[in-house]
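For reference, the structure discussed in these notes is given below.
Any value given below was found using the heavy atoms of this structure, including those in side chains, with hydrogens, waters and symmetry copies removed. Letters go in sequence order (proteins before strands), and every chain restarts at 1. Just so we're clear, the structure is a prediction, and the values are computed from it rather than from any experiment.
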Amino acid sequence: MKQIFNIARKEFSDGMRNRWILAISLLFAVLAVGITWFGAAASGQVGFTSIPATIASLASLATFLMPLIALMLAYDAVVGEEEGGTLMLLLTYPLSRGQLLTGKFVGHGCILGLATLIGFGSAAIAIALWVPDVSLATLIYSFGRFIVSSVLLGLVFLAFAYVLSSHATEKSTAGGLALGVWFLFVLVFDLALLTILVVTEGRISPELLPWLLLLNPTDIYRLINLGGFEAGGQGMGVMALAADLPVGAAMLWACLTGWVVAILLLAHWRFAKRLG
Amino acid sequence: MNNVVELEQVQLHFGKLKVLHDMSWQLQAGEIMGLFGHNGAGKTTSVRLILGLIRQSSGQVKVLGGEASDARVRQQIGFLPENVMFYPQLTGYETLSHFARLKGAGHDQVLGLLEQVGLTAAAGERVKTYSKGMRQRLGLAQALLARPKLLLLDEPTVGLDPIATIELYRLIGQLRDEGASIIICSHVLPGVEPYIDKAVILARGHLEAVGNLQQLRAQAGLPVRIRIQGPGAAFSHPQVLEHQPLSSDWHEFSVPATAKLPVLQELLKLPLEDIEIRPPSLEDIYRFYMEKASAVGVAGVQP
């Protein structure tokens, strides 16, 4: 545990030093406050609308940003150490590969967690301070669920970044692969699912399709955040499939956590196979 | 005496490529050993085996009585890689502190080592501003964290000026006196000879020779060179292998090591002004084994 803490401490210090935490916090805070007050501007309405609408808008934003930020934060975690010449030295220390990767995961996870808490938390504080008659309990519960699930989504993509970083022989390759993973899960997957729906014209069992949403962590994340409100449960596009998904919120949380664990185990396996 | 490192019939394959062939040698406690060979001879691969970074295909590698991959064994190993690199954004002090935490070494030791390697004044500067020599000295400091029982130094003098090189060897001698065993891996031979107790010579993954300098000289059977200043032009002796005039009054005679005394006795009968006896140097021995490896067809060996 001490070695994991030592590595995590170094990664977190690096995050503070190179302004990652500051940059992500500011980005999230500005976007979150902006969306809270101007998210409904397109429909001619300016100002705070409702907590479910705000969370829905923020979740849509986070679906794009969290995976990208997590991948950018960690795509060079292993290959960067190797290119920098420090990986071999680290591996000669009384430190296992598992401890090294777990330490990096904890450190990067803390950076993401803190930045998300500060960034999105500032929107919650702003609502509490300036919006009259808002239920504090609902606000804390909704933002708490949103922030925790956002961090979980970020952790899934941190783990993806370690898989790619352990696989790639060059930092630039890892960066390219990271963009590919982001593109696949954030943009392509839902389009592909919709295409299948249209092309097959119902030939695929209707019971099967909603389950396919669980194969994409960003869809699970959206289901958690959009499905948490009675009025907001009905999604658009591929999210409409969720209406037929016979799983509860606890199961969705378990699935997202399962993604973190599974991809992290994959990263450990890939890193163990990499030559030191 | 206990073996600190023990390689027994070690073979290593990377796919179909055999990179180490039946390697067997030992390093005993308190010894300084030189690991020499041309580029690609298997020096760094041997070091990686000892460090537990790769596993042998067959044979046995024992380090400090256990497996090198064992954290308790690694705790007692210090390693200075060739062209050591650190995190450029950290200062020298932060770098050493990070590695000290991983080794469980205290803050006092960090400050002491920075002073020992002459980096106290630069400890607050970022490593990216360090010269190659400064990085090498910082690398040495990290290798000495937690007072290792086994120290592996891969090309330790690269980037060091002559005074820093002498200081490094003095420090290595001091560590040996304190009980550490040291492996110096290098293809730069000049200067290292006085400091090593033993040498291992590799060529293209084969062990060519192992032993102390006397043993290696005896194994190689290289001649002793005797230089005289005086009237030696007409000197002859049946044991002299080669006579080479160096200048008008200096002459060099190559004689077998076993014939050194009889030839000297004859030479001392001449009215000499000066005499020098030069046993085969480490470089001579190394060249001999590289030529031998080349002659028996170990491809890629450049004598």
Side-chain angles (χ1 to χ4, degrees), chain A residues 1-23 73-74 76-104 106-108 111 165-166 169-171 268 271-276, chain B residues 12 14-15 44-45 47-55 63-64 66 68-91 94-105 126-128 135 138-140 142-143 145-146 148 150-154:
Chain A
M1 276 305 283
K2 199 177 171 192
Q3 296 296 54
I4 292 172
F5 173 76
N6 286 330
I7 296 295
R9 174 181 167 162
K10 154 86 172 48
E11 294 301 331
F12 190 78
S13 303
D14 286 350
M16 294 287 277
R17 191 192 317 270
N18 59 26
R19 313 276 196 277
W20 259 106
I21 295 175
L22 185 69
L73 188 63
D76 65 345
V78 175
V79 72
E81 292 267 11
E82 186 167 276
E83 276 190 13
T86 45
L87 182 62
M88 188 170 93
L89 189 58
L90 280 174
L91 294 177
T92 66
Y93 272 68
L95 167 77
S96 69
R97 287 173 187 241
Q99 286 172 323
L100 179 58
L101 205 62
T102 308
K104 281 180 176 286
V106 173
H108 288 144
I111 292 172
S165 197
S166 300
T169 51
E170 285 178 27
K171 238 162 81 168
H268 273 91
F271 186 37
K273 279 189 70 179
R274 188 186 180 99
L275 280 177
Chain B
L12 181 68
F14 287 142
T44 301
T45 304
V47 167
R48 289 161 78 96
L49 271 175
I50 295 164
L51 289 167
L53 295 174
I54 48 175
R55 273 196 73 83
V63 180
L64 294 158
S69 51
D70 187 334
R72 280 168 301 182
V73 171
R74 284 189 176 175
Q75 178 68 32
Q76 303 174 71
I77 300 178
F79 174 51
L80 172 64
E82 183 181 3
N83 296 322
V84 64
M85 300 293 282
F86 293 109
Y87 306 105
Q89 76 279 13
L90 299 189
T91 65
E94 287 167 338
T95 301
L96 204 55
S97 296
H98 173 60
F99 285 102
R101 280 191 289 273
L102 293 174
K103 263 277 177 73
R126 291 189 178 198
V127 172
K128 68 179 172 189
R135 270 208 321 269
L138 185 61
L140 183 65
Q142 73 74 32
L145 285 166
L150 171 64
L151 192 58
L152 289 115
L153 308 172
D154 197 353

Legend entry - Interface moiety of B:Gln142 toward chain A, non-hydrogen atoms closer than 4.5 Å: both
Legend entry - Residues which pass side-chain hydrogen bond (donor to acceptor under 3.5 Å, both in side chains) with B:His98, listed by chain and number, not counting sequence neighbours: none
Inset, instruction - Evaluate the side-chain proximity of B:Leu102 to A:Leu90: yes if any heavy-atom separation is below 4.5 Å, no if none is. - result: yes
Inset, instruction - Taking the side chain as every heavy atom from C-beta outward, state whether B:Tyr87 and A:Asp14 have any atom pair closer than 4.5 Å. - result: no
Legend entry - Partner residues of B:Phe79 under the ring pair (Phe, Tyr, Trp, His ring centres under 6.0 Å) criterion, sequence neighbours left out: none
Legend entry - Best-contacting candidate, B:Arg101, B:Glu94, B:Gln75, against chain A by heavy atom pairs under 4.5 angstrom: B:Arg101
Inset, instruction - Hey, could you give me the CD1/OG1 distance between B:Ile50 and A:Thr92, rounded to the nearest 0.5 Å? - result: 12.5 Å
Inset, instruction - Indicate yes or no: at least one non-hydrogen side-chain atom of B:Leu90 is less than 4.5 angstrom from one of A:Arg17. - result: yes
Legend entry - Which portion of B:Leu145 sits near chain A, non-hydrogen atoms under 4.5 angstrom: side chain
Legend entry - Point-to-point distance, once rounded to the nearest 0.5 Å, from CE of B:Met85 to CG of A:Leu89: 12.0 Å
Legend entry - Contact origin within A:Glu81 toward chain B - heavy atom pairs under 4.5 Å: side chain
Inset, instruction - Determine the option with the most heavy-atom pairs under 4.5 angstrom with chain B, choosing from A:Lys2, A:Gln3, A:Lys10. - result: A:Lys10
Legend entry - From B:Ser69 atom OG to A:Arg97 atom CZ, the distance as rounded to the nearest 0.5 Å: 11.0 Å
Legend entry - 4.5 Å side-chain heavy-atom contact, B:Lys103 and A:Pro94: yes
